[in-house]
Amino acid sequence: MKKQVSEAEEIFESRLKRHHDELRWLYMELYDNSSMFAELCDHMKLFYEKRNNELKKSDQKREQDHGWYQQNDMLGMMFYIDNFAGNMKGVEAKLDYLEECKVNYVHLMPFLDTPPDRSDGGYAVSDFRKVQKKLGSMKDLDSLTAACHKKGINVCMDFVMNHTSEEHEWAKKARQGDGEYMSRYFFFDNEEEPAMYEKTVPQVFPTTAPGNFTWLEDAGHFVMTTFYPYQWDLNYKNPRVFNEMMYNFLYLANRGIDIIRIDAVPYIWKELNTSCRNLKQVHTIVRMMRMISEIVCPGILLLGEVVMEPEKVTPYFGTVEKPECHMLYNVTTMATTWHTVATRDVKLLKKQLDIVNSLPKEYIFLNYLRCHDDIGWGLDYGTLMLEGLGEKSHKQYLNDYFQGYAGESNSRGELYNADPVTGDARFCGTTASMCGIEKAGENKDEEAMERAIRFDLTLHAYMFMQSGIPVLYSGDEIGQLNDYTYKDDPNKAADSRYIHRGAMNWKWAENVKDRNTVEGKIFQGLSRLEEIRKSEKVFVSSADAWTIETWDQSILGIGRYYEDEKIIGLFNFSEYDKTAWINETDGEYVDLISGEELRPVDVKIPAYGFCYLKRK
């Protein structure tokens with residue numbers, strides 16, 4: 001008798017058939033192991049069968065609307081669960097606030113189980129199927145994601161696949177000398193091989209965690225630790241590692257996660273005599289992840305953390321025929337934005353935006369001003385040197401500026417991972433503190449405070465003008481300042497990134513409707529910008545975007561055009577009132593903020609101010 005096939009099985013089999021041949025070819029190219037591939041396929045079916053009906057319905061809907069995340073209604077916010085609301089139940093209780101923020105995409109910073117004293121902010125995972133006890137449980141995660149979905153909020157989480165904590169079950173067994181588990185990492189019983197790797201592999205944290213290997217006295221071996229000694233790099237040359245990590249990936253997807261952020265993507269594959277960065281096998285792995293998700297859970301988006309300039313970032317999108325990540329971070333533009341703040345010169349930022357705007361519209365970037373991490377000054381120094389700015393001296397100036405020491409700066413913040421030998425360092429601080437709100441408050445200078453608030457809103461207005469998805473860092477919507485109390489915690493004191501990872505100030509958040517407060521001015525100003533972005537179709541990712549000559553080095557001009565609608569954004573990065581000479585002669589315009597009608601020829605822009613001009 002012929003076995004009856006259910007509709008659900010038919011859907012799975014059709015997806016598998018669509019990708020099977022390419023997936024098998026790539027898998028065999030890496031591993032040449034047909035039995036492990038067969039196991040992978042069997043597990044994919046099991047995870048599909050375990051996926052609940054609501055998620056399957058969402059998958060089918062998104063399969064029919066591939067561009068659902070490319071519209072102008074997407075707005076993200078990232079936060080640490082404990083800093084934001086204590087635990088997962090606390091976040092669920094704050095969903096109305098997120099709605100008030102007009103947020104429909106929340107990035108829950110790392111919440112999987114980690115050793116409390118060696119977690120690297122949650123990026124040293126000891127159990128991929130367990131939530132940190134202080135944050136809740138997998139049951140709480142199920143409840144939170146379901147509640148988010150009822151409100152139309154997408155949930156993003158980090159998938160740390162390059163390494164595990166040394167407290168992970170695999171690492172513990174490897175440390176005991178179990179060969180099966182040692183093969184899941186990079187173990188060496190001699191100094192020669194690690195020394196050979198060190199010749200070509202750059203260091204990530206040369207001051208706080210020098211070298212790429214750690215000696216384990218009790219195990220009598222070196223182990224590869226690209227980031228910190230307690231984070232052991234996984235060996236993806238072992239098919240067992242790939243399979244098991246994909247099972248973790250699918251398990252987490254089935255918890256209701258919509259966007260999975262792949263941490264440290266370029267580092268995944270290691271080869272001797274290379275930099276162990278951006279190797280072709282990395283793209284094979286990400287491509288296989290994309291196909292696996294399209295077979296089991298096609299509603300999922302892959303967000304790649306690739307911290308490099310655009311020409312090195314874009315390969316992680318893959319191709320139209322063979323896509324990899326759905327979205328990538330716009331890291332270089334973020335760093336160049338703060339360079340522009342410090343120099344009051346938009347030339348480099350214009351060049352950066354021109355590069356991004358020239359890329360295919362299918363490439364979706366996440367745009368942000370600040371995130372949980374430091375700011376590394378990975379700028380286009382080839383171009384800056386033509387302006388007479390040397391790399392070392394300019395990095396020194398930027399770090400001095402944002403600490404408040406140079407360039408008539410109003411910024412406040414601290415250095416991270418400062419290297420006294422090279423002088424290199426990264427910078428930490430909140431958006432509000434970097435814009436001058438902290439300093440103005442300290443000095444009780446009302447005029448300076450108004451200017452700092454205006455600049456904060458101007459930078460957000462500029463970010464919203466970029467193509468892609470804007471993401472706020474929690475607290476930025478109320479102008480939260482640097483939190484120096486991290487120095488009182490021995491587990492955090494050595495890591496200055498915690499200066500901008502302070503707990504959400506809910507007392508301040510009570511003022512969001514009061515326009516006489518700093519919090520109210522910023523929150524209401526952002527709310528107006530969000531309304532404009534969601535109501536004007538020129539903000540869709542597929543719109544044409546370009547930079548506009550303003551004939552003033554401090555004023556950035558950006559144009560957007562879609563279906564006969566046009567908006568011009570003008571942003572003044574200087575502390576002086578300016579005039580933008582743009583000479584747009586294609587009709588009358590209206591300022592979407594003030595309501596003023598004008599011809600955009602000589603547009604007056606206040607110090608640290610902006611305008612959105614829409615063609616009538």
Flag the pair [X] / [Y] as yes when at least one side-chain heavy-atom distance between them is below 4.5 Å, and no otherwise.
| X | Y | answer |
| --- | --- | --- |
| K270 | N162 | yes |
| Q231 | V125 | no |
| R184 | M245 | no |
| D140 | N87 | no |
| F159 | N248 | yes |

So that I know where these two stand, are F227 and Y123 an aromatic pair - ring centroids less than 6.0 Å apart?
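No, they do not, as the ring centres are separated by 6.0 Å or more.
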Check: F84 ring centre within less than 6.0 Å of W506 ring centre:
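Yes, the ring of F84 comes within the 6.0 Å limit of the ring of W506, centre to centre.
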Identify whether the distance between the nearest side-chain nitrogen and carboxylate oxygen of [X] and [Y] falls below 4.0 Å.
| X | Y | answer |
| --- | --- | --- |
| K134 | D82 | yes |
| K513 | E100 | yes |
| K172 | D178 | no |
| E575 | R344 | yes |
| E180 | R240 | no |
| R501 | D483 | no |

When you measure from the centre of the six-membered ring of Y251, is the NZ or CZ of R255 under 6.0 Å away and within 45° of the axis?
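The answer is yes, since R255 meets both limits relative to Y251.
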Atom of [X], atom of [Y] and distance for their closest heavy-atom approach:
| X | Y | value |
| --- | --- | --- |
| F128 | T164 | CE1-CG2, 4.1 Å |
| H339 | L398 | CA-CD2, 4.0 Å |
| A335 | G376 | CB-O, 3.7 Å |

Please indicate whether E442 has more than 12 foreign heavy atoms, meaning atoms of other residues, nucleotides or ligands, lying under 6.0 Å from its CD.
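It does: E442 CD has more than 12 such atoms within range.
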Counting only heavy atoms from other residues, nucleotides and ligands, does the tally under 6.0 Å from NZ of K237 exceed 12?
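Yes.
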Applying ring-ring contact (aromatic ring centres under 6.0 Å, His included) between W377 and each of F402, Y416, W338, report the one that passes.
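When F402, Y416, W338 are each tested with W377, the ring-ring contact (aromatic ring centres under 6.0 Å, His included) holds only for F402.
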Could you check F213, W170, Y185 and say which one makes a ring-ring contact (aromatic ring centres under 6.0 Å, His included) with W232?
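Between W232 and the candidates, ring-ring contact (aromatic ring centres under 6.0 Å, His included) is satisfied uniquely by Y185.
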